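Notes follow once the structure below has been shown.
All values reported here derive from a predicted model rather than from experimental measurement.
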Amino acid sequence: MTLARLIGTVGGIGYLRPAPGTWGSLAALPLALALHLLGGFPLLAVATVAVFAAGAWATGVMTAGQDDHDPSEIVVDEVAGQFIAIWAVSYPAWAHDIAVTALWPGWIAAFLLFRLFDITKPGPIGWADRRGDPLGVMLDDVIAGVFAAVGVLILAGIAHGVLGL
């Protein structure tokens with residue numbers, strides 16, 4: 001397995017069926033947890049940037065000369081997007097010295113919202129997906145991750161009465 005394929009498929013997880021994108025998102029959760037436990041939100045943020053850069057490179061290598069710009073086995077984009085969705089849990093846990101596992105409802109919400117936005121591709125997520133290039137492959141999941149993170153923050157605000165509801 002080439003380095004690009006190893007990165008793009010996240011060690012072969014992208015070959016799992018059905019729903020390789022969901023498997024990629026699920027694989028991101030224990031990785032995000034380990035990163036947070038090792039270095040808090042800063043390490044998760046740095047890892048997200050590194051995964052994005054490595055993923056864009058690997059996607060470019062894997063799709064060079066291919067008609068399919070986003071083959072289903074490429075799931076490194078889901079890892080980057082899921083990491084961003086988890087930022088809404090990791091940052092508050094890190095900033096307020098809360099055990100990140102105590103915020104487990106946020107982990108579930110981040111996963112479900114990310115999958116929802118990644119699958120339905122509303123607005124700018126769909127625009128990025130239609131770019132048809134390696135950057136678009138990565139960007140649609142990054143934007144879906146941002147949407148999911150915002151959703152997690154809104155749900156947390158509602159759950160904790162911050163929004164007055």
Side-chain angles (χ1 to χ4, degrees), residues 1-91 94 100-101 106-149 151-152:
M1 185 177 282
T2 67
L3 181 60
R5 196 160 290 281
L6 190 66
I7 292 168
T9 66
V10 186
I13 288 170
Y15 295 114
L16 294 176
R17 298 289 182 264
T22 300
W23 288 109
S25 297
L26 279 171
L29 297 176
L31 294 173
L33 177 61
L35 290 164
H36 179 90
L37 293 175
L38 287 171
F41 173 76
L43 182 58
L44 179 59
V46 168
T48 303
V49 173
V51 167
F52 178 86
W57 170 79
T59 300
V61 170
M62 287 179 67
T63 60
Q66 304 294 320
D67 290 334
D68 187 359
H69 77 279
D70 192 2
S72 63
E73 67 267 15
I74 295 177
V75 295
V76 67
D77 50 332
E78 272 81 15
V79 172
Q82 189 66 70
F83 278 7
I84 291 170
I86 293 296
W87 285 9
V89 179
S90 177
Y91 179 78
W94 174 75
V100 74
T101 53
W107 287 82
I108 294 169
F111 174 76
L112 293 175
L113 288 171
F114 174 71
R115 293 310 302 144
L116 173 71
F117 291 126
D118 186 33
I119 291 166
T120 61
K121 300 191 184 314
I125 302 167
W127 165 83
D129 184 60
R130 290 187 297 277
R131 285 177 53 107
D133 62 3
L135 186 59
V137 170
M138 297 301 295
L139 277 180
D140 80 304
D141 290 272
V142 164
I143 299 167
V146 170
F147 276 38
V152 169

Revision key, fill the gap. Here the gap from D70 atom CG to R131 atom CZ, rounded to the nearest 0.5 Å, amounts to 13.0 Å
Check your understanding: Which pair of heavy atoms, one from S25 and one from F111, lies closest together, and at what distance?
Key -> CB-CE1, 3.7 Å
Study note, to complete from the structure: One should read off an interatomic distance between L44 CG and L38 CG, to the nearest 0.5 angstrom, of 11.0 Å
**Study point:** Nearest-0.5 Å distance that lies between atom CE in M62 and atom CD1 in I74
**Key:** 4.0 Å
Check your understanding: F41 versus V100: any side-chain heavy-atom pair under 4.5 Å?
Key -> no
**Study point:** Heavy-atom check, side chain of V76 versus side chain of M138, under 4.5 Å
**Key:** yes
Check your understanding: Is the shortest heavy-atom distance from the side chain of D141 to the side chain of F114 under 4.5 Å?
Key -> yes
Review point. Would you call the rings of F117 and F147 parallel, tilted or perpendicular if under 30° counts as parallel and over 60° as perpendicular?
Key: perpendicular
Point to revise | Non-hydrogen atoms of E73 and R5 that approach each other most closely | key: OE2-NH1, 4.1 Å
Check your understanding: Going through the checks in order, is the side chain to side chain contact (heavy atoms under 4.5 Å, CB included) test met by L3 and W57?
Key -> CA-CA 10 Å; L3 181 60; W57 170 79; 4.3 Å; yes
**Study point:** Euclidean distance, L139 CG relative to D133 CG, rounded to 0.5 Å
**Key:** 8.0 Å
Practice item. Grab the two heavy atoms, one from D118 and one from E78, that are nearest each other, plus how far apart they are. Key: OD2-OE2, 3.0 Å
**Study point:** Minimal non-hydrogen separation, A58 against I7, with atom names
**Key:** CB-CG2, 3.8 Å
Exercise for review: For G151 and L113, work out which heavy atoms get closest and say how close.
Suggested key: C-CD1, 3.6 Å
**Study point:** Exam field: side chain T63 to backbone Q66, donor-acceptor pair closer than 3.5 Å
**Key:** no
**Study point:** T59 vs D77, side chain to side chain contact (heavy atoms under 4.5 Å, CB included): CA-CA, chis, key distance, verdict
**Key:** CA-CA 9 Å; T59 300; D77 50 332; 6.0 Å; no
Practice item. Measure the shortest side-chain to side-chain distance between L31 and F83 over non-hydrogen atoms and say whether it is less than 4.5 angstrom. Key: yes
Revision key, fill the gap. Between L29 and W107, the two heavy atoms sitting closest are O-CZ3, 3.6 Å
Review point. Roughly how far, to the nearest 0.5 Å, is the OG1 atom of T22 from the CD atom of Q82?
Key: 10.0 Å
Revision key, fill the gap. OG1 of T120 to CD1 of I125, rounded to nearest 0.5 Å, is 6.5 Å
Check your understanding: Is it the case that more than 12 heavy atoms not belonging to W23 sit under 6.0 Å from its CH2 atom?
Key -> no
Exercise for review: Pick out which of L43, V79, I84 makes a side-chain contact (heavy atoms from CB on, under 4.5 Å) with T48.
Suggested key: I84
